[in-house]
Asker: 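One structure follows; several queries about it will come next.
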Amino acid sequence: GMKAHRNVVPMICLLDNCRLHSLLSDCPDIAGNRASIDGWSKITGRILYRPYTASGAFFLPAVLTMAEEMKYLRDHGSLGGFREYGGAPQANWAMLNWMEVKIMWDVDQDPKKLRRQFIEGYYGKAAADPVERVYARMESGIRNSSVAPRPESPYGHNYMNSGFLSPFVEASRRDIEAALRIAQTEENASFKRRIARDMGALIGRVPPNLVELLKE
């Protein structure tokens, strides 16, 4: 029975929400998130959203998951929002920033096409195919994972120990190493550095002759 004044726009800040799974999934953390969004949307007809990231060798949420989240929010009256970023740039950090801004203006864009556009512009066309396969495989593995909430962690499903990403990295190792080989001969210094940093972060090492690039 709650009613909101016409000047009130609630901002939903789900600090302990799951950042691994889609907002459309049956993850128990996510069910609570949807209940908050749906409830406030019914009360006010308009909301703001302040989500968060889970940092690590692969930043979360992954971009297709984020795109689904933002479309759901638009459909429930969201006027926009601001995502809090933490941690040093590694794989998916820059792409998540870039795609979120793009999708804020038009949530009906194809996120897979945007992903490819970003990869070609950020890592270069030479490495685009293996890098895109890495991102696709990592996101698919993460969003379909059956991680259980950890009661000792205040962040629910976002508690990722060092072994959490390992199966997804191993499934992508051939493409990660292919991208790193391409970086060896890449003439564009920015592309070379980004491939070395992001793909190297996933497997925990950078080829010795590329290490100096990361000091720039």
Side-chain angles (χ1 to χ4, degrees), residues 15-30 51-69 83-97 99 111-112 115-116 118-119 122-123 127-184 191-211 213-214:
L15 178 59
D16 61 351
N17 68 328
C18 174
R19 296 158 211 168
L20 309 183
H21 299 117
S22 166
L23 195 55
L24 307 178
S25 76
D26 59 0
C27 160
D29 273 8
I30 293 294
Y52 302 82
T53 60
S55 59
F58 190 89
F59 261 67
L60 299 171
V63 291
L64 303 188
T65 298
M66 180 269 295
E68 289 178 351
E69 171 188 285
R83 189 180 303 273
E84 179 177 315
Y85 282 77
Q90 295 191 67
N92 200 47
W93 185 92
M95 182 158 63
L96 183 60
N97 277 269
M99 282 188 63
K112 290 185 179 180
R115 182 174 66 189
R116 178 68 186 202
F118 176 85
I119 287 170
Y122 194 73
Y123 298 107
D129 286 348
V131 169
E132 184 176 30
R133 288 193 293 268
V134 170
Y135 273 102
R137 201 175 289 115
M138 291 292 296
E139 171 151 18
S140 176
I142 290 167
R143 67 188 273 131
N144 292 319
S145 65
S146 56
V147 180
R150 297 179 63 96
E152 69 272 24
S153 168
Y155 301 110
H157 287 197
N158 304 309
Y159 182 90
M160 293 181 292
N161 59 34
S162 59
F164 172 75
L165 293 176
S166 295
F168 318 128
V169 171
E170 286 306 311
S172 302
R173 182 173 289 273
R174 181 176 296 180
D175 285 314
I176 293 170
E177 292 181 346
L180 289 170
R181 285 194 298 272
I182 291 169
Q184 307 273 356
F191 294 161
K192 183 189 290 280
R193 181 166 55 250
R194 292 165 184 163
I195 296 168
R197 181 194 66 202
D198 295 354
M199 298 298 103
L202 291 175
I203 60 174
R205 64 174 179 80
V206 175
N209 63 327
L210 299 179
V211 170
L213 289 172
L214 305 188

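A quick note: this is a predicted structure, and the numbers were derived from the prediction, not measured. Throughout, numbering of the chain's residues begins at 1 and tracks the sequence.
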Asker: Quick one, S172 and L202 - any side-chain contact, counting heavy atoms below 4.5 Å?
Answerer: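 SC-SC contact between S172 and L202 ruled out.
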
Asker: Atom CZ of F191 and atom CD1 of I182: how far apart are they, to the nearest 0.5 Å?
Answerer: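 Here the rounded value is 12.5 Å.
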
Asker: Which heavy atom of L20 sits nearest to which heavy atom of I142, and what is that distance?
Answerer: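 The pair with the smallest heavy-atom distance is O-CG2, 3.9 Å.
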
Asker: Do E132 and D175 come close enough that some side-chain heavy atom pair is under 4.5 Å?
Answerer: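 No, too far: nothing below the 4.5 Å cut-off.
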
Asker: Could you check whether any side-chain N or O of N92 sits under 3.5 Å from a backbone N or O of P61, counting only pairs where one atom can act as donor and the other as acceptor?
Answerer: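 Checked: pair present.
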
Asker: Can you measure from CZ (R194) to CE (M95) and round to the nearest 0.5 angstrom?
Answerer: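 With rounding to 0.5 Å, CZ (R194) is 13.0 Å from CE (M95).
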
Asker: Go through it in stages, so that I can follow the logic: the residues are K112 and V63, the test is side-chain contact (heavy atoms from CB on, under 4.5 Å), and I'd like the CA-CA distance, side-chain angles, deciding distance and then a yes or no.
Answerer: CA-CA 9 Å; K112 290 185 179 180; V63 291; over 6 Å; no

Asker: Check A54 against R19 and note the closest heavy-atom contact, atom names and distance.
Answerer: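 Reported closest heavy-atom pair: N-CD, 3.8 Å.
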
Asker: R83: which residues meet the salt bridge (charged side-chain N to carboxylate O under 4.0 Å, His left out) condition with it, sequence neighbours left out?
Answerer: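 Here the qualifying residues are E69, E100.
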
Asker: Can you name the nearest heavy-atom pair linking F59 to Q90, along with the distance?
Answerer: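 Closest approach of F59 to Q90: CE1-N, 4.4 Å.
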
Asker: For the residue pair H21 and R143, what are the closest heavy atoms and their distance?
Answerer: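 Closest pair (atom of H21, atom of R143, distance): CD2-O, 3.2 Å.
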
Asker: Is it the case that atom CZ in R173 sees more than 12 heavy atoms from other parts of the structure closer than 6.0 Å?
Answerer: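 Above 12, so yes.
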
Asker: List the atom of A183, the atom of I195, and the distance in Å for their closest heavy-atom pair.
Answerer: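 What the structure gives for the nearest pair is CB-CG2, 3.8 Å.
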
Asker: How about R116 and D129: do any of their side-chain heavy atoms sit closer than 4.5 Å?
Answerer: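 A side-chain contact exists here, since the closest heavy-atom pair is under 4.5 Å.
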
Asker: If you take all heavy atoms of S22 and T65, which pair is closest and at what distance?
Answerer: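 Heavy atoms of S22 and T65 come nearest at CA-CG2, 3.7 Å.
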
Asker: Report yes if some heavy atom in the side chain of M199 is under 4.5 Å from a heavy atom in the side chain of V206; otherwise report no.
Answerer: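 No, too far: nothing below the 4.5 Å cut-off.
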
Asker: Can you tell if the side chain of L23 reaches within under 4.5 Å of the side chain of E68, non-hydrogen atoms only?
Answerer: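 A side-chain contact under 4.5 Å is absent here.
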
Asker: Could you tell me if Y123 and D198 have a donor-acceptor pair between their side chains, going purely by distance under 3.5 Å?
Answerer: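 Side chains of D198 and Y123: pair found under 3.5 Å.
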
Asker: Going by the angle between their ring planes, with limits at 30° and 60°, are F118 and Y122 parallel, tilted or perpendicular?
Answerer: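 Correct class here is parallel.
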
